[in-house]
Amino acid sequence: MEVNQGLDMFTIMEFIFPVFFILIAGIILFIILRGVKEWSNNNKQPRLNVYATVIGKRTSVSRGGEDHSSSTWYYATFQFESGDRTEFAVSGRDFGLLAEGDVGELVFQGTRYHGFTRKQTGA
């Protein structure tokens with residue numbers, strides 16, 4: 001009887017498992033390093049208070065499965081007096097308090113949203 005010298009499932013798994021493990025570990029490391037870099041860059045930026053208008057709001061929902069919960073991320077877009085626009089991730093509470101067309105003082109640092117104080121209009 002001759003022993004089969006071809007590729008069997010165990011030989012393939014001995015090769016594929018380490019490759020997938022290294023690939024997934026690399027992706028996780030990349031995501032962590034990118035987050036640390038953004039956090040560090042935001043900390044180096046000055047904290048700015050600028051006059052801005054809320055021009056848009058949106059949500060992004062990650063749908064859960066049968067036994068998983070869903071997640072919602074909230075975003076608000078602001079336009080500065082110069083006409084430039086930027087979008088910030090905001091908390092659900094801030095998202096609920098903001099309305100398109102609100103005018104006031106936006107406080108931010110790099111890509112980090114710190115708050116928005118609505119300017120009271122005389123009626």
Side-chain angles (χ1 to χ4, degrees):
M1 253 200 217
E2 215 173 282
V3 176
N4 184 358
Q5 296 295 326
L7 291 174
D8 62 1
M9 188 57 103
F10 292 112
T11 305
I12 292 172
M13 288 307 292
E14 286 177 9
F15 172 74
I16 291 179
F17 180 74
V19 169
F20 279 124
F21 180 77
I22 290 169
L23 183 66
I24 293 185
I27 291 170
I28 291 170
L29 183 62
F30 173 77
I31 290 170
I32 290 171
L33 290 175
R34 186 176 61 180
V36 168
K37 181 181 175 187
E38 182 178 357
W39 176 81
S40 175
N41 187 42
N42 281 339
N43 287 341
K44 293 176 186 175
Q45 300 297 317
R47 190 172 181 147
L48 300 175
N49 296 25
V50 297
Y51 187 77
T53 304
V54 179
I55 60 166
K57 293 169 43 173
R58 71 178 179 90
T59 59
S60 177
V61 178
S62 167
R63 306 262 183 228
E66 292 177 14
D67 58 347
H68 301 313
S69 63
S70 63
S71 298
T72 305
W73 290 271
Y74 302 95
Y75 301 92
T77 303
F78 296 89
Q79 181 169 321
F80 307 117
E81 290 179 307
S82 65
D84 292 335
R85 297 177 178 189
T86 191
E87 181 179 69
F88 293 101
V90 298
S91 69
R93 181 182 183 283
D94 286 337
F95 185 85
L97 293 173
L98 294 171
E100 290 185 23
D102 281 351
V103 176
E105 183 180 47
L106 170 67
V107 182
F108 68 98
Q109 184 178 20
T111 61
R112 188 180 299 146
Y113 170 85
H114 285 288
F116 181 79
T117 305
R118 185 178 299 108
K119 179 182 173 187
Q120 299 295 325
T121 57

ILVMFWY cluster, I31 and I28 together (side-chain gap under 4.5 Å):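 No.
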ILVMFWY cluster, F15 and F20 together (side-chain gap under 4.5 Å):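 Yes, F15 and F20 fall within the same hydrophobic cluster.
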Closest contact, heavy atoms only, [X] versus [Y]:
{"X": "Q45", "Y": "Q109", "value": "O-NE2, 3.1 Å"}
{"X": "I55", "Y": "E100", "value": "O-OE1, 3.7 Å"}
{"X": "S62", "Y": "W73", "value": "CB-CZ3, 3.4 Å"}
{"X": "F95", "Y": "K57", "value": "O-NZ, 2.8 Å"}
{"X": "A76", "Y": "L98", "value": "CB-CD1, 3.7 Å"}

Within this structure, what is the [atom1]-[atom2] distance for the pair [X] and [Y], rounded to the nearest 0.5 Å?
{"X": "K44", "Y": "W39", "atom1": "NZ", "atom2": "CH2", "value": "10.5 Å"}
{"X": "K37", "Y": "N42", "atom1": "NZ", "atom2": "CG", "value": "12.0 Å"}
{"X": "I24", "Y": "L29", "atom1": "CD1", "atom2": "CG", "value": "13.5 Å"}

Parallel, tilted or perpendicular: rings of F88 and Y113 (30°, 60°):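 Geometry flag for F88 against Y113: tilted rings.
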side-chain contact (heavy atoms from CB on, under 4.5 Å) against V50, all qualifying residues, sequence neighbours excluded: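 By the side-chain contact (heavy atoms from CB on, under 4.5 Å) rule, V50 matches L48, F80, L106, F108.
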Partners passing side-chain contact (heavy atoms from CB on, under 4.5 Å) against E105 (at least two apart in sequence or in another chain):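 Only N49 meet the side-chain contact (heavy atoms from CB on, under 4.5 Å) criterion with E105.
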R118 side chain vs L97 backbone, donor-acceptor pair below 3.5 Å: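 Such a contact is found between R118 side chain and L97 backbone.
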Side-chain heavy-atom pair F116, V90 within 4.5 angstrom cut-off: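 They are not in side-chain contact.
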